[in-house]
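Side chains included, hydrogens not; waters and symmetry mates left out as well; all remaining heavy atoms used.
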Amino acid sequence: YRVAPDVVRICVDVPDSLGLPTGAKDKERLRRALRQANLPAVPTCLRDSFAHAVAHGPLQWVANPVRVRPQAKDYGRTLGEMQVALVGDALGHYHPLTALGMSNGMMDAIAFARAQTWQDYARTRARESAMSGVLSVALYDMLSTPSADARHMRAALVQVWRKHPN
């Protein structure tokens, strides 16, 4: 995604099956594996820049497990005498490619502000966010699966995004 007129940030998944190092000791192996695993998927016009950035630029990574949102009963907690409502990523999180985290956080905040009790909030958001979680997992699977069917679906999705960018 674009972060400045002449700068883009590329986020990539690194499957656990590659056995990449998580420490700073084997950065060359990490750089090689990132180039090998991702360069074919990078748009042609960005490949040289991507290869250069992976070879010479600073690398940052973070573990990114998915935690599906809970049932309504788990949206709030009683801590002593204080009742606490959970919102956003405190409830569950999905892969960043699906762009669901910030959307859920904002919708949670709006629903909580409108609710009379945290139980009302919990029921509302559990009902309203269930389908987006299912779609998020499906979208991630489509974007990350290496099968021919998934490649065709990705190509079709890119065509839709290009035709209707807004």
Between [X] and [Y], which heavy-atom pair has the shortest distance, and what is it?
X      : Y      : result
Leu157 : Met142 : CD2-CE, 3.1 Å
Pro40  : Arg47  : O-NH2, 3.0 Å
Arg35  : Val54  : CG-CG1, 3.7 Å
Phe50  : Asn38  : CZ-CB, 3.8 Å

State which residue, out of Val42, Asp48, Thr44, fulfils the side-chain contact (heavy atoms from CB on, under 4.5 Å) condition with Leu46.
-> Val42
Report the residue from Val87, Asn104, Asp120 that forms a side-chain contact (heavy atoms from CB on, under 4.5 Å) with Arg125.
-> Asn104
Are Leu139 and Val160 co-members of a hydrophobic cluster defined by side-chain heavy atoms under 4.5 Å apart?
-> no
Check whether Tyr140 and Met153 end up in the same hydrophobic cluster, where Ile, Leu, Val, Met, Phe, Trp and Tyr are linked by side-chain heavy atoms less than 4.5 Å apart.
-> yes
So, the side chain of Arg31 versus the backbone of Gly57: is there a donor-acceptor pair under 3.5 Å, distance only?
-> yes
What is the distance from atom OH of Tyr94 to atom OG of Ser103, rounded to the nearest 0.5 Å?
-> 12.5 Å
Reported CZ-to-OG distance for the pair Arg154 and Ser147, which is rounded to 0.5 angstrom = 7.0 Å
Could you please spell out the steps behind the side-chain contact (heavy atoms from CB on, under 4.5 Å) verdict for Leu135 and Leu100?
-> CA-CA 10 Å; Leu135 290 173; Leu100 191 57; over 6 Å; no
Derivation and outcome, side-chain contact (heavy atoms from CB on, under 4.5 Å), residues Asp108 and Tyr121 = CA-CA 8 Å; Asp108 289 345; Tyr121 155 71; 3.5 Å; yes
